[in-house]
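Just so you know, these numbers come straight off a predicted model, no measurement behind them. Heavy-atom basis, side chains included; hydrogens, waters and symmetry copies ignored.
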Amino acid sequence: MTRHPLRQILSLFLICSLTVCYAEAGVLIENVRPITADAKVGSSTNVYVANGRIRAIGKQLRADKDDTRIDGKGGYLIPGLIDSHVHLQGVPGESEQLTPPLREAALAQIPRSYLYFGFTTVLDLISGDGPIARWNAQPLAPRAYHCAGVPIPGGYPLAWLPKDEQLSSPTAHYYWYDPRQVELMAATPGSDAHKVEPLVARIAETGARCIKTFYETGFGQLRDLPVPSRAMMKALIEVAHKHQLPVYVHGSSREAYDFAMDVGADLLVHGPWHGVDSTQDKMLNELAQRVINSGIGVQPTMQVLYGERELFNPNYFKAARVRAAIPSALQAWYQADAGQWMAKQISRDFGGPDVPNLRSRVNTAYNKPLSGVQAFTRILAERGGDLVFGSDTPSGPMFTQFPGVNGREEMDRWVEQGVSLQQLFIALTARNAKLLGLADELGSVDEGKRADLLILRENPLQSISAYDSIEWVMVKGEPVKRQALAAQ
């Protein structure tokens, strides 16, 4: 490719110092306006990509004959979006109930749906290195990282299983030794390996990016579940931080928020759905200010509640975003009896699937937790609190929280509650890159960083709808037309 001589020398030095010198053809993205890490629109320029990285940025860059050229047409170049709260193995459609061809189609589309909505990096909050390696071996998928879930015996989410199966289940791979549950642990050998020091050391060896704990006393048919003590949590956090592992708390109540702040946790991975009231301004303001003062990050995950309500929306599959994300045959299965399993489960709390006005009853029941987390999010946004983007895709076996589209809907939820487009952009990119410990690799359009990029027709700092104007998705330096990623 043709460059200014000095620029060429500097770029060659950069390329050879970052990796080996590359010989393969690259991609020249022309006439685009990069958006900076601090949410500012840059001037029109060209960006050269090779061997999966951004190699040079400059208006004078020209393509060689073997390079691929992409005309950005004056659009906007941004880093790929990061969703730091997903569950890659929990998507309805992976079920063994499906016929093999339908299951294969679902599994093939799931990573493409993330990419279709611009998510090129994801963090699985309860996984291990094995499943993540298999995910990353796919030819076209967002890059995945993992967080190790450390449930306590008898607590959430292990409590959904029979007691004699809990500690031998895959979910208990990193269960956390609890001196209050000695009798339960005695049935499974090797509990000493689950004490804090050896447990955290084992997790650190897997390349995990974080440790996820659970402060959940129960819901639905499960109530009065044990939760970690403050002493246990403080000991875990101390050891985890020695291994550079942040500690997250699954907790959606006011009580969980108090607990997480008292022990010095790093992130709350749900909004306060319970124990807050949108009409109690003093209480909400005090809670928000305490969160800000503590420095803890918050993922509001409002779309979780919206998604549960949408299970009862007869028009759900008519939405353009849904049609783009979910293959038509899988949509049909979701609407058949077998695919309605989760909707039936939730409907039992309201009198069953055939009760009159079921959807209205569900919506009414969800109004209180929604209004509370909405009000709390508004206050955090106004005061510059540490809002961390994560969608909890999916929070359970719910087709209304399908990969990609669920994250896109969570973006709308943020903006509806007054989060600025600048705050949202930073949360989706640079903030999450820092959270993952990958700020040197991801989160901004800079030379040397990984070439996971999006080209948009519209400016995402002016309208949330700009995220629907993606034209190109670049994954590991390979450009893909967005429409080629759609399910239909």
Side-chain angles (χ1 to χ4, degrees), residues 83 85-117 119 122 124 126-127 131 135 138 141 157 160-161 170-171 219-222 301 303-363 365-366 391-410 485-488:
D83 189 336
H85 190 164
V86 306
H87 302 289
L88 297 176
Q89 296 177 288
V91 179
E94 298 173 326
S95 171
E96 298 291 347
Q97 294 176 279
L98 301 179
T99 62
L102 181 53
R103 185 168 184 265
E104 288 172 13
L107 291 174
Q109 182 56 40
I110 285 168
R112 299 169 73 90
S113 292
Y114 276 116
L115 295 174
Y116 179 86
F117 289 96
F119 294 100
V122 294
D124 189 323
I126 311 180
S127 191
W135 171 276
Q138 298 176 104
W160 292 107
L161 301 171
T171 306
F219 54 87
Q221 298 175 353
L222 292 177
T301 59
Q303 183 57 28
V304 170
L305 302 178
Y306 280 89
E308 291 184 17
R309 293 199 318 184
E310 286 296 277
L311 285 168
F312 305 95
N313 178 4
N315 297 314
Y316 176 75
F317 290 100
K318 294 180 181 179
R321 288 177 185 168
V322 173
R323 294 198 305 272
I326 307 176
S328 55
L330 187 56
Q331 291 182 40
W333 186 82
Y334 285 154
Q335 295 173 80
D337 187 66
Q340 289 288 309
W341 176 80
M342 192 63 182
K344 291 176 184 176
Q345 287 291 109
I346 293 177
S347 72
R348 292 177 183 174
D349 294 335
F350 301 91
D354 299 320
V355 70
N357 303 315
L358 175 59
R359 188 184 181 197
S360 176
R361 294 186 184 197
V362 171
N363 287 348
Y366 277 81
S391 64
D392 196 6
T393 296
S395 67
M398 282 171 274
F399 53 77
T400 47
Q401 296 171 1
F402 201 81
V405 65
N406 193 57
R408 178 64 187 84
E409 296 289 338
E410 177 73 11
L485 298 164
Q488 308 306 323

| What closest approach, in Å, do Q138 and A141 show between heavy atoms, and which atom pair accounts for it? | NE2-CB, 3.7 Å
| query | Can you tell if the side chain of F402 reaches within under 4.5 Å of the side chain of L330, non-hydrogen atoms only? | reply | yes
| field | Minimal non-hydrogen separation, V405 against V322, with atom names | value | CG2-N, 4.3 Å
| said: So F119 and P403, do their side chains get closer than 4.5 Å, heavy atoms only? | reply: no
| field | Under the salt bridge (Lys or Arg N to Asp or Glu O under 4.0 Å) test, residues paired with E410 that sit two or more places apart | value | none
| Between Q401 and S395, what is the shortest heavy-atom contact and its length? | OE1-N, 2.6 Å
| Excluding sequence neighbours, so at least two apart, what forms ring-ring contact (aromatic ring centres under 6.0 Å, His included) with Y316? | none
| message | side-chain hydrogen bond (donor to acceptor under 3.5 Å, both in side chains) for Y366 and E308? Distances and angles first, verdict last. | response | CA-CA 9 Å; Y366 277 81; E308 291 184 17; 2.3 Å; yes
| Would you say P397 and M342 make side-chain contact, with heavy atoms under 4.5 Å? | yes
| Contacts of type salt bridge (Lys or Arg N to Asp or Glu O under 4.0 Å), residue D337, not counting sequence neighbours | K344
| said: If I compare all heavy atoms of R361 with all of P356, which pair ends up nearest, and what's the gap? | reply: NE-O, 3.4 Å
| Which heavy atom in H85 sits nearest to a heavy atom in T301, and how many Å separate them? | ND1-CG2, 4.1 Å
| said: Under the ring pair (Phe, Tyr, Trp, His ring centres under 6.0 Å) test against F399, which residue among W333, W341, F317 passes? | reply: F317
| request: May I ask you to test the Q109-I326 pair for a side-chain heavy-atom distance under 4.5 Å? | output: no
| If you look at every heavy atom in Q340 and Y334, which pair is closest and at what distance? | NE2-O, 2.9 Å
| query | Is there a side-chain contact between L358 and S347 (heavy atoms, below 4.5 Å)? | reply | yes
| Taking the side chain as C-beta and beyond, is there a heavy-atom pair between T393 and Y114 under 4.5 Å? | yes
| Is there side-chain contact between W135 and I110, with at least one heavy-atom pair below 4.5 Å? | yes
